[in-house]
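Worksheet for the structure shown next.
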Amino acid sequence: VSVAALVKHFKELELGPITEDEEEEGRAYSTRSTYTDILDFHVVPKWGEKKLHEVRAVAVEKWLRQLKLARGSKAKIRSIMSVLFNHAIRHEFLPQGKNPITMVRQSGKRMRTPDILEVHELIALFHQLSHRDRAMALLDTVTGLRRSELIGLKWLDVNFEELELSVTCSV
């Protein structure tokens with residue numbers, strides 16, 4: 001079985017069709033979308049032609065090292081590949097205990113500590129922003145939402161009576 005065939009099998013059985021409005025058990029829409037993107041844009045182009053038993057931990061580690069992505073992104077790719085190979089074991093395409101990805105070392109640790117602004121720095125920065133960006137910065141500061149979640153907010157997600165924000169999607 002090739003990695004590409006395994007990906008196809010995994011998508012059909014584990015991910016299903018990706019539509020935002022479907023109510024389906026299992027993984028969330030955003031998770032299925034992320035898995036699909038990583039499998040389609042990273043895993044299949046590099047490993048698709050290989051047979052499952054040909055994939056080696058050291059080769060995957062070396063490949064991940066040369067990708068021009070953040071460590072967290074590389075760790076996500078490694079994690080999804082591990083899930084993929086666990087699927088192969090569960091469906092008996094590989095023997096028990098033969099997931100090569102479990103031996104792949106890939107840190108998700110940040111390369112540097114993020115900058116933390118002092119209050120006076122935050123105020124100075126705030127005054128340099130447009131009105132729209134000020135609103136986003138204020139929402140970010142008081143809610144702790146991720147940028148992708150802030151960008152995905154819609155007016156329908158705001159309940160002014162209950163003072164609630166519903167994070168229903170991210171961009």
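Owing to the predicted nature of the structure, the values given are computational and were not obtained by experimental measurement.
Between the Ser79 side chain and the Ala75 main chain, no donor and acceptor come within less than 3.5 Å of each other.
With values rounded to the nearest 0.5 angstrom, Arg78 atom CZ is found 13.0 Å from Ile38 atom CD1. The structure places OG of Ser30 at 9.5 Å from CD of Glu149, a figure rounded to the nearest 0.5 Å. Taking CG from Leu69 and CG from Leu67, the interatomic distance works out to 5.0 Å, rounded to the nearest 0.5 Å. In this structure, Met81 CE and Lys76 NZ are separated by 15.0 Å, a value rounded to the nearest 0.5 Å. Atoms NZ and NE2, from Lys46 and His42 in turn, are 13.5 Å apart once rounded to the nearest 0.5 Å.
Within the 4.5 Å cutoff, no side-chain heavy atoms of Trp47 are placed close to those of Val7. Within the 4.5 Å cutoff, the side chain of Leu39 has heavy atoms near those of the Ile80 side chain. Counting heavy atoms from C-beta outward, Thr168 and Leu156 have side chains that stay 4.5 Å or more apart. With a 4.5 Å cut-off on side-chain heavy atoms, Val43 and Val3 count as touching. Taking the side chain as every heavy atom from C-beta outward, Asp37 and Tyr35 never approach each other to under 4.5 Å. When side chains are defined from C-beta on, Val55 counts as touching Val60, because their heavy atoms get closer than 4.5 Å. Taking 4.5 Å as the limit, some side-chain heavy atom of Ile77 sits within range of a side-chain heavy atom of Trp63. Side-chain contact check for Ile89 versus Phe85: every heavy-atom pair is 4.5 Å or farther apart.
Side-chain heavy atoms closer than 4.5 Å link hydrophobic residues (I, L, V, M, F, W, Y) into clusters, and following such links, even through other members, never connects Leu150 to Leu163. Residues Leu64 and Val58 do not share a hydrophobic cluster, defined by chaining ILVMFWY side chains whose heavy atoms lie under 4.5 Å apart. The hydrophobic clustering, which links ILVMFWY residues whose side-chain heavy atoms are closer than 4.5 Å, places Phe10 and Leu13 apart. Residues Leu84 and Phe41 do not share a hydrophobic cluster, defined by chaining ILVMFWY side chains whose heavy atoms lie under 4.5 Å apart.
Counting only N and O atoms by type, the side chains of Ser166 and Asp157 include no donor and acceptor under 3.5 Å apart.
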Using side-chain contact (heavy atoms from CB on, under 4.5 Å), reason through Leu153 and Val158 one step at a time and then give a plain yes or no. CA-CA 8 Å; Leu153 283 177; Val158 182; 5.8 Å; no
Any chance you could lay out the side-chain contact (heavy atoms from CB on, under 4.5 Å) test for Phe93 and Lys51, step after step, and finish with the verdict? CA-CA 10 Å; Phe93 298 130; Lys51 300 293 182 202; over 6 Å; no
Working note: Asn99 + Ser82, criterion side-chain contact (heavy atoms from CB on, under 4.5 Å); need CA distance, chi angles, decisive distance, verdict. CA-CA 7 Å; Asn99 184 340; Ser82 185; 3.4 Å; yes
Give the intermediate values and the outcome of side-chain contact (heavy atoms from CB on, under 4.5 Å) for residues Val1 and Leu94. CA-CA 9 Å; Val1 175; Leu94 283 174; over 6 Å; no
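Contact between Pro100 and Ala57 at its shortest, heavy atoms only, is O-CB, 3.3 Å. Among all heavy-atom pairs drawn from Ser2 and Gly48, the shortest one is CB-O, 3.5 Å.
Other residues, nucleotides and ligands contribute at most 12 non-hydrogen atoms within 6.0 Å of the CD atom of Glu92. Around CD of Glu49, the count of heavy atoms belonging to other residues, nucleotides or ligands within 6.0 Å does not exceed 12. For Arg146, the CZ atom sits in a loose shell: 12 or fewer heavy atoms of surrounding residues, nucleotides or ligands are nearer than 6.0 Å.
The pair Glu61-Lys74 does not count as a salt bridge, with every side-chain nitrogen at least 4.0 angstrom from each carboxylate oxygen. Salt bridge annotation for Asp40-Lys11: present, with a cationic side-chain nitrogen under 4.0 angstrom from a carboxylate oxygen.
With sequence neighbours left out, the ring-ring contact (aromatic ring centres under 6.0 Å, His included) criterion links His91 to His9, His87.
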